[in-house]
Amino acid sequence: MIILETAGLSRTVDNKILVTDISVKVERGEVVSIVGPSGAGKSSFLRLLNRLDEPTAGTVYLDGLDYKTIPPTQLRRQVGMVLQAPYLFPGTVSENLRFGPKQHGQVLEDSRLHRLLEQVGLPGYADREVTRLSGGEAQRVSLARTLANSPEVLLLDEPTSALDRHAEAEVESLLREIIATEQLTCLIITHNPAQALRFSNRSMRLEAGKLVKFGPVEEVVHV
Amino acid sequence: MFNNLFRDQLSLGIFQAAITVVLALAVMLVGRQQKIHLEVEVMIALVRGIVQIVAVALALVVIFKGPEVVAVPVLFGMLVTASVVAGRRVKDIPGSIMVSFYGITFGAGLVILLMVLAGVINPALTSVIPVGSMLIANAMNTCAQALERFASDIKAHTGQVEAGLALGATPGEIVRPYSQSAVHTSLIPRIDSLSSLGIVWIPGLMTGMLVAGTDPIYAAIYQFAVITMMFASSGLTSVVSVLLVQRRVFSPAQQLMLRPGTLLKK
Ligand SMILES: Nc1ncnc2c1ncn2[C@@H]1O[C@H](COP(=O)(O)OP(=O)(O)OP(=O)(O)O)[C@@H](O)[C@H]1O
Ligand SMILES: [Mg+2]
């Protein structure tokens with residue numbers, strides 16, 4: 001079943017083409033990696049998927065529904081995103097996790113909060129101030145914060161690239177475990193071919209804003 | 001005799017102004033040594049300042065002879081000018097001049113109107129124009145400060161703002177801390193001027209009233225009333241401008257449009 005479909009998705013800013021005419025279909029529960037050289041438009045493409053930026057042409061269908069008909073706040077809960085840097089809000093870890101549900105009038109149950117923290121390997125961190133976290137811990141809180149919204153699709157923009165090698169391996173294995181157990185649909189940008197192979201079934205390669213290849217990860221990515 | 005005095009006063013004035021300009025030029029040279037280049041800006045400001053204030057003094061002599069309604073176009077002209085000055089401080093936000101116009105009009109304009117109606121401000125031109133201009137000038141500074149602070153806070157926190165959007169928060173919810181601190185910061189000088197009143201700062205208005213022989217207690221209380229009006233009009237201006245500017249930094253689809261180094265287009 002197709003959960004996410006892009007149709008001629010394009011974005012041009014000041015005559016600079018960031019993303020042009022990308023049409024792909026993503027199956028529910030599938031993990032797709034996005035690869036390509038720096039400046040290829042990978043982040044720009046991902047930011048169109050939760051409408052953090054506006055497409056200048058084309059659109060995205062979520063469960064068959066044109067996403068421009070969905071209120072942005074609702075769309076962004078359904079299509080969660082973890083950015084390259086964690087950008088936590090000042091306060092405690094639990095305040096950060098409760099932020100998303102609070103935006104649509106819900107309260108994150110304590111049991112759910114603790115389960116999320118366990119999932120990201122941070123049990124007992126609920127009352128920690130975010131300023132006291134290491135880079136890897138902060139990125140894991142950022143992941144848990146996104147998961148607290150129970151997104152249907154998870155967008156990851158180089159979620160481990162800002163971390164040192166040890167933290168990177170740790171966050172990666174947690175992520176893979178969560179994606180598998182929650183059967184999340186996921187699009188992940190990565191610079192690391194081996195990581196693409198470990199994460200994804202299929203892969204898309206972007207170059208200069210264009211989709212140049214989309215298929216089984218072994219055919220797109222070469223280690 | 002009169003001519004003679006005028007000539008003396010005029011040359012005295014030119015002499016006094018020349019000394020202050022030399023002082024300003026010295027400051028510019030010090031800045032230059034520190035590689036802070038203010039020359040062009042300061043020169044333009046100095047020339048504008050002297051031309052404007054002399055022209056206004058001459059105009060006021062004529063205006064003060066007119067009927068009281070003359071205050072309306074004069075104060076409106078000041079509102080417009082103040083809006084342009086304040087709005088230009090955040091050039092990268094489209095419609096910032098309209099934002100400051102609404103803010104300053106709602107703050108200073110409304111306070112002037114209400115206080116004239118309530119009898120606090122004397123509608124005589126010699127009173128409503130100087131007091132009104134003080135309120136407008138203060139509202140202008142407050143507005144400029146609030147907008148500048150808001151814009152720079154947003155630009156410094158684009159990551160947090162977008163993280164909030166990506167979690168499904170509305171722009172209003174996300175920018176709340178930045179709006180609050182913009183309003184607060186912009187009002188600090190007004191609060192300071194209230195609390196330092198008479199100690200660090202003996203305002204010209206009261207001094208003028210004392211010289212003119214007004215009862216000192218009345219002059220003091222009236223001065224307090226004027227400063228309080230300044231606070232009220234600045235507060236309204238700040239709140240309204242920040243509320244309005246919030247909407248301009250996001251697109252209708254709740255995307256952050258204000259980024260460091262990007263000039264927004266309509
Ligand atoms: N708002 C914008 N206005 C103009 N150009 C932009 C804008 N955003 C991104 N770009 C440019 O578009 C191109 C694609 O950027 P993007 O961040 O999508 O690349 P990327 O594939 O994610 O690169 P990296 O691997 O380095 O993260 C770059 O050349 C970038 O400078
Ligand atoms: Mg990128």
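Here is how names work: the chains are called A, B, and so on, in the same order as the sequence lines, proteins then strands, and each is numbered from 1.
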Item to check | Donor-acceptor pair between A:Thr190 and A:Glu158 side chains, under 3.5 angstrom | outcome: no
Checklist outcome for this item: Against chain B, residues from residues 50-73 of chain A with at least one heavy atom under 4.5 Å, in numeric order, are A:Asn50, A:Arg51, A:Leu52, A:Asp53, A:Glu54, A:Pro72, A:Thr73
Next on the checklist: Is A:Arg145 in contact with chain B via its backbone, its side chain, both, or neither, using a 4.5 Å heavy-atom distance?
Outcome noted: both
Next on the checklist: Do A:Arg28 and A:Glu152 have side chains that approach each other closer than 4.5 Å (heavy atoms only, starting at C-beta)?
Outcome noted: yes
Item to check | CG on A:Leu88 to OG1 on A:Thr131, rounded to 0.5 Å | outcome: 10.0 Å
Checklist entry - For residues A:Asp157 and A:Ser43, is any side-chain donor paired with an opposing acceptor at under 3.5 Å? => result yes
Checklist entry - Are the side chain of A:Glu30 and the backbone N or O of A:Glu27 linked by a donor-acceptor pair below 3.5 Å? => result yes
Checklist entry - Distance only, no hydrogens: is a donor on one side chain within 3.5 Å (strictly under) of an acceptor on the other, for A:Glu177 and A:Gln119? => result no
Checklist entry - Is a side-chain N or O of B:Lys155 found less than 3.5 angstrom from the main chain of B:Leu258, in a donor-acceptor match? => result no
Item to check | A:His104 and A:Arg77: side chain donor to acceptor below 3.5 Å | outcome: yes
Checklist entry - Do any of residues 156-163 of chain B have a heavy atom less than 4.5 Å from a heavy atom of chain A, and if so, which, in residue order? => result B:Gly159, B:Gln160, B:Glu162, B:Ala163
Next on the checklist: Using a 3.5 Å distance criterion without hydrogens, assess whether the side chain of B:Ser186 forms a donor-acceptor pair with backbone atoms of B:Ala146.
Outcome noted: no
Next on the checklist: Side chains of A:Glu172 and A:Thr160 only: does a donor on one sit below 3.5 Å from an acceptor on the other?
Outcome noted: no
